Amino acid sequence: MSSSITSKNLIIMAPVLKFPINVGRIDDVQELKKSRKNNIPNRFVRDIAERPALATSHSPMSTSIPVIDLSKLMKGNKEEFHFEILKLSASCEEWGFFQVINHGIDLNLLEKIEKVAMEFFMLPVEEKQKYPMAPGTVQGYGQAFVFSEDQKLDWCNMFALGLVPHSIRNPKLWPTNPPMFSDTVETYSKEIRKLCKDLLSFIALSLGLRGNVFEEMFGLSVQAMRMNYYPPCPRPDLVLGLSPHSDGSALTVLQQGKGNTVGLQILKNNTWVPIQPVRNALVINVGDTIEVLTNGRYKSSEHRAVTHKDKDRLSIVTFYAPSYEIEIGPMSEMVDENNPIKYRRYNHGEYSKHYVTNKLQGKKTLDFAKIPPNNSF
Ligand code: OGA
Ligand code: NI
């Protein structure tokens with residue numbers, strides 16, 4: 001039996017890998033553009049089946065993900081509240097994604113985090129590499145989820161930080177340049193944390209559960225942040241900005257750069273559906289934890305990012321998850337004879353370790369917890 005993981009194991013900072021790994025050369029995508037002109041190194045060129053243009057070419061879908069007005073949930077009248085809760089429930093069941101407007105977070109703060117993030121990515125590469133993401137880890141500047149020399153790379157530069165609990169922080173990875181970077185991250189992460197708590201309580205209500213059920217269960221929730229910068233790509237048809245995956249969190253909050261092009265796509269009924277940015281909205285998605293807790297009723301949808309020929313794109317992503325000590329499994333309210341149990345119980349720290357020590361591979365990571373369907377006739 002494996003021992004449970006505690007926050008002291010610092011799994012976000014230094015996941016335990018089974019073997020020493022050789023990730024080969026990982027080119028910095030922004031630097032590539034300067035040196036290689038229009039030539040795309042082979043390591044970024046996807047196998048035909050994975051290429052974005054092919055996978056979306058048959059898309060008849062013009063629908064977009066639901067927009068939830070948080071002010072209606074926070075202070076709407078009874079009817080408004082009821083209507084919005086139903087919409088929330090339908091979004092989580094059908095899409096696993098929604099956009100939230102009137103979220104109450106100061107728009108200046110959203111602008112500010114975007115500004116410091118862009119300033120950071122525009123620094124000379126030597127400056128950014130003062131905060132290196134070590135191979136096989138997920139904090140600092142570089143590319144996460146690369147574990148072997150022959151793995152394809154994403155057309156993306158990342159910068160990631162563990163935020164809560166404090167024990168997952170690595171102070172050496174907190175930039176001193178741009179000067180306002182770290183302060184802004186602190187303020188932003190506090191506001192996003194409040195939003196996650198509010199959203200989780202409405203998600204609980206939308207399931208007919210007590211509003212505080214997740215907060216009580218999660219303990220001191222783990223919070224981490226990743227900034228993804230996608231430079232323009234001369235051949236967006238050949239590469240992916242970010243490989244298909246579902247998020248290992250309970251809830252993810254994604255801020256898209258103001259005025260950026262479409263880039264995020266969700267897999268729905270085998271079709272990649274682009275998320276059209278909505279002004280001042282935040283994109284929210286259900287992660288693997290909520291899928292397991294609701295026994296699959298709310299979906300942790302597979303998603304990916306694609307690139308653009310002339311335009312860059314920024315996303316600022318917050319992952320909110322239970323404390324590593326917590327045991328997770330389908331809640332008894334979500335299981336009955338029509339909804340047989342689909343996932344086993346597991347320690348969330350073990351799952352996080354599993355998540356960060358495997359490459360992004362669609363929804364495969366959640367096989368960790370799947371109970372095979374009963375095949376008996
Ligand atoms: C992520 C993610 C999508 C994007 O960071 O987990 O899904 O558009 N990002 O950057
Ligand atoms: Ni994601």
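Residue numbers run from 1 in the order of the sequence given. Predicted, not measured: the structure shown is a model, and the values here were computed from it. Every number for a ligand or one of its atoms is a count from 1 in the order of the listing.
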Task: Closest approach of any protein heavy atom to atom 4 (C) of ligand 1, naming residue and atom - done: Tyr230 OH, 3.3 Å
- [ ] Look at the aromatic rings of Tyr131 and Phe159 and report parallel, tilted or perpendicular, splitting at 30° and 60°.
- [x] perpendicular
TODO: Using a strict cut-off of 4.0 Å, indicate which atoms of ligand 1 neighbour a heavy atom of Arg226.
DONE: 1 (C), 5 (O), 6 (O)
- [ ] Check ligand 1 against Leu264 and write out every atom of the ligand that is under 4.0 Å from a heavy-atom position of the residue.
- [x] 3 (C), 8 (O)
Task: Where ligand 1 meets Leu242 - atom numbers and elements under 4.0 angstrom, heavy-atom basis - done: 1 (C), 2 (C), 3 (C), 5 (O), 7 (O), 9 (N)
TODO: Identify, by atom number and element, the atoms of ligand 1 in contact range of Phe319, meaning under 4.0 Å from any of its heavy atoms.
DONE: 5 (O), 6 (O)
Task: Parallel, tilted or perpendicular, as decided by the 30° and 60° cut-offs, for the rings of Phe120 and Phe181 - done: tilted
Open item on the list: Suppose I only count heavy atoms of Leu254 and a 4.0 Å limit; which atoms of ligand 1 are within that range?
Closed with: 3 (C), 4 (C), 8 (O), 9 (N)
Task: Six-ring centre of Tyr188, Arg193 cation under 6.0 angstrom, axis tolerance 45° - done: no
TODO: Could you list which atoms of ligand 1 come closer than 4.0 Å to a heavy atom of Asn228?
DONE: 5 (O), 9 (N), 10 (O)
Task: Candidate with minimal heavy-atom separation from atom 8 (O) of ligand 1, of Gln256, Gln255, Arg313 - done: Arg313
Task: Identified side-chain contact (heavy atoms from CB on, under 4.5 Å) partner of Asn295 from the options Lys342, Glu333, Met331 - done: Lys342
Open item on the list: So does Lys258 get a backbone contact from the side chain of Glu114, meaning a donor-acceptor N/O pair under 3.5 Å?
Closed with: yes
Task: Modelled atom types, side-chain donor and acceptor of Tyr298 and Ser206, under 3.5 Å - done: yes
Task: For atom 6 (O) of ligand 1, the protein heavy atom that lies nearest, with its residue and separation - done: His245 NE2, 3.0 Å
TODO: Name whichever N, O or S atom of Asp247 ends up nearest to the Ni ion (ligand 2).
DONE: OD1
Open item on the list: So that I know where these two stand, are Phe97 and His303 an aromatic pair - ring centroids less than 6.0 Å apart?
Closed with: yes
Task: Residue portion contacting ligand 1 (non-hydrogen atoms closer than 4.0 Å) for His303 - done: side chain
Open item on the list: Students often mix this up, so state it plainly: with edges at 30° and 60°, are the rings of Phe145 and Tyr355 parallel, tilted or perpendicular?
Closed with: perpendicular
